[in-house]
Amino acid sequence: MNFSDKPDRTSSKAHKWEKYKGTDILPMWIADTEFRCAEPILSALHQRIDDGLFGYTCPAHDTDASEAVIAWCQRQYNWKIEPSWLVWTPGVVPAFNVAIAAYCQAGDTIIVQTPNYPPILAAPAINNLNRTCIGSIEVEGRWTLDFNALEEAAADPKASLFIMCNPMNPLGSVLNQDELDTIAAICRKHGVMLCSDEIHCDLILDDVPHLPASAHPELAEHSITLMAASKTFNIAGLGTSFAIIPNEKLRAAFNHAARGRLPSVTVTGLTATNAAFRHCDDWHQQQLVYLTENRDYLVTEINKIDGLNAISPAATFLLWVDASGLKLTDTQAWCEAKGVGPSAGIDFGDKDCFRLNFGCSRDYLVEAIEKLRG
């Protein structure tokens, strides 16, 4: 696989490129990569398409895909999960909204970390519930949660659910054992459920492990973990993810809340997930090497530009850039005027920042740096 390729995505109507269509702005925003899928995924999809029939398929009957997820969790995280724990979902966004419907009552408060993925920030209001935001703090050159703020928020009797990202989006930190222990202790002390969005967990660039929330002994019966092959293997358009819910009652409540709300996952998504988790380890490792080099280049060059600052992310293909040094009222407009289209920081909860996607050819990063310097 040549990760330096720059495929023409015009014919696919890719959302990432359609946004700035007809301009000279380089799109570096939405979180999908410019990497062509691994050949085993493409081969499996071709075979499925050649079958020629795309009728209703119950995901529970696709035991190959379920077994691939189970083997992946064992191999990647040393986490032994049971087939019954798996609930297939058409994306993590509908999944955490269903979790809210399943585990919250009218008048409840949902805790979210900030800055954060915009659909997570929007989810409480969409479900007519309250939201309490807890900030992130920099400790020794690394972003982490403000645990004092989490303790205070969780102590609110109305707080029923904490939705977090691990690895963090957009900050790129990976929770360590002490941090997960602290989250578990706070949530258990105050009776707060945890919903952990871990969609980027297979994109860890530093030598640190991923610790799934529901694998934690204090959280196994009080949490839901959301994962997918979509970000790692660039198959987000196939609409397939999964929730892992060890507690039978919580799983039943989730399934009940999903009735009439969630469509089934796609047959192509099941096929691609199965192939990704079974046959693409080499491609995955090569991608991590390329992304690490991209990250290191981009962090170094961004920090050479007056007014910009970035902390190297331990995971994801996303860089959170602090532009407060520019002292501007609209950092997004500044970037776009330079010819670069990032994700706007205000959407994540911080107007003085922006997020850059480095899941692309190095040539695009060089071009972006040249534009931002100019």
Side-chain angles (χ1 to χ4, degrees), residues 1-9 14 16-17 20 24-38 115 138 140-143 167-174 200-208 210 231-234 282-326 331-332 334-345 348 350 352-374:
M1 174 67 190
N2 183 3
F3 292 96
S4 293
D5 282 347
K6 296 190 287 185
D8 183 355
R9 302 182 69 185
K16 183 178 184 180
W17 289 84
Y20 293 109
D24 63 354
I25 297 174
L26 180 64
M28 300 185 71
W29 65 291
I30 197 168
D32 65 22
T33 69
E34 295 298 299
F35 305 144
R36 180 178 167 88
C37 284
E138 181 186 344
E140 298 180 352
R142 174 180 173 273
W143 289 108
M168 296 180 186
N169 174 12
L171 299 177
S173 291
V174 180
H200 290 99
C201 68
D202 298 311
L203 290 164
I204 295 181
L205 309 180
D206 288 348
D207 187 19
V208 294
H210 175 67
K231 300 297 183 183
T232 304
F233 296 96
N234 203 19
D282 288 346
W283 185 95
H284 179 213
Q285 292 305 312
Q286 291 171 35
Q287 179 188 212
L288 293 179
V289 171
Y290 194 83
L291 288 176
T292 301
E293 293 171 350
N294 272 5
R295 175 200 64 181
D296 294 346
Y297 167 81
L298 190 59
V299 170
T300 298
E301 297 304 318
I302 284 291
N303 284 328
K304 291 178 182 177
I305 299 175
D306 289 342
L308 302 184
N309 181 66
I311 293 174
S312 182
T316 78
F317 47 82
L318 308 165
L319 182 67
W320 188 240
V321 181
D322 180 354
S324 59
L326 297 175
T331 57
Q332 185 72 7
W334 179 84
C335 289
E336 292 177 347
K338 295 278 189 177
V340 176
S343 294
F348 294 79
D350 192 332
D352 291 326
C353 297
F354 57 88
R355 191 190 74 174
L356 291 173
N357 180 335
F358 58 86
C360 60
S361 168
R362 185 79 43 78
D363 290 345
Y364 282 140
L365 301 186
V366 172
E367 179 183 347
I369 291 297
E370 290 174 350
K371 287 173 176 283
L372 290 174
R373 281 178 179 153

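Computed from a predicted model, the values in this text were never measured in an experiment.
Minimum heavy-atom separation, Gln287 to Thr232: NE2-O, 2.9 Å. When all heavy atoms of Glu336 and Gly341 are compared, the pair lying nearest together is CG-CA, 4.5 Å. In terms of heavy-atom proximity, Thr331 sits nearest to Ala323 at CG2-CB, 3.8 Å. In terms of heavy atoms, Trp283 sits closest to Met1 at NE1-CG, 3.5 Å. When all heavy atoms of His210 and Ile204 are compared, the closest pair comes out as CB-CD1, 3.5 Å. Contact detail for Ile302 and Ala310: the closest heavy-atom pair is CG2-CB, 4.1 Å.
Side-chain contact between Gln285 and Val289 is absent, with no heavy-atom pair separated by less than 4.5 Å. Between Ile311 and Glu138, some side-chain heavy-atom pair lies under the 4.5 Å cut-off. Taking the side chain as every heavy atom from C-beta outward, Lys16 and Trp29 approach each other to under 4.5 Å. Using a 4.5 Å heavy-atom cutoff, the side chains of Pro115 and Leu171 are in contact.
For Gln332 (side chain) and Gly345 (main-chain N/O), no donor-acceptor pair under 3.5 Å exists by modelled atom type. The closest donor-acceptor contact from the side chain of Ser173 to the backbone of Trp143 lies under 3.5 Å. Panel note: side chain Lys6, backbone Tyr364; no donor-acceptor pair is recorded below 3.5 Å. The backbone N or O of Val174 sits less than 3.5 Å from a side-chain atom of Arg142, completing a donor-acceptor pair. Using a distance-only test at 3.5 Å, with no hydrogens or angles considered, no donor-acceptor pair links the side chain of Asp206 to the main chain of Val208.
Applying the salt bridge (Lys or Arg N to Asp or Glu O under 4.0 Å) test to Glu301 and every residue at least two apart in sequence or in another chain returns Lys304, Arg373.
The distance from the CD atom of Glu367 to the CE atom of Met28 is 9.0 Å, given to the nearest 0.5 Å. In this structure, Cys360 SG and Phe3 CZ are separated by 12.5 Å, a value rounded to the nearest 0.5 Å. Between Ile30 atom CD1 and Asn357 atom CG the span is 9.5 Å, to the nearest 0.5 Å. Rounded to the nearest 0.5 angstrom, Lys338 NZ and Ile305 CD1 are separated by 8.5 Å. Atom CG of Leu298 is separated from atom CD of Glu293 by 13.5 Å, given to the nearest 0.5 angstrom. Asp202 CG to Lys231 NZ: the interatomic distance, rounded to the nearest 0.5 Å, is 13.5 Å.
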Please tabulate, one pair per line, all N/O donor-acceptor pairs under 3.5 Å involving side-chain atoms of residues 313-321, not counting sequence neighbours.
from: Thr316; atom 1: OG1; to: Leu318; atom 2: N; distance (Å): 3.1
from: Thr316; atom 1: OG1; to: Leu318; atom 2: O; distance (Å): 3.4

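Judged by a 6.0 Å distance limit and a 45° cone about the ring axis, Arg362 is positioned over the six-membered ring of Tyr290.
When the options Asn303, Leu326, Asp322 are evaluated for a side-chain contact (heavy atoms from CB on, under 4.5 Å) with Leu308, the one that passes is Leu326.
Of the charged side-chain nitrogens involved, at least one lies within less than 4.0 Å of a carboxylate oxygen, so that Asp32 and Arg9 count as a salt-bridged pair.
Glu34 and Trp17 share a donor-acceptor pair across their side chains, judged by distance under 3.5 Å alone.
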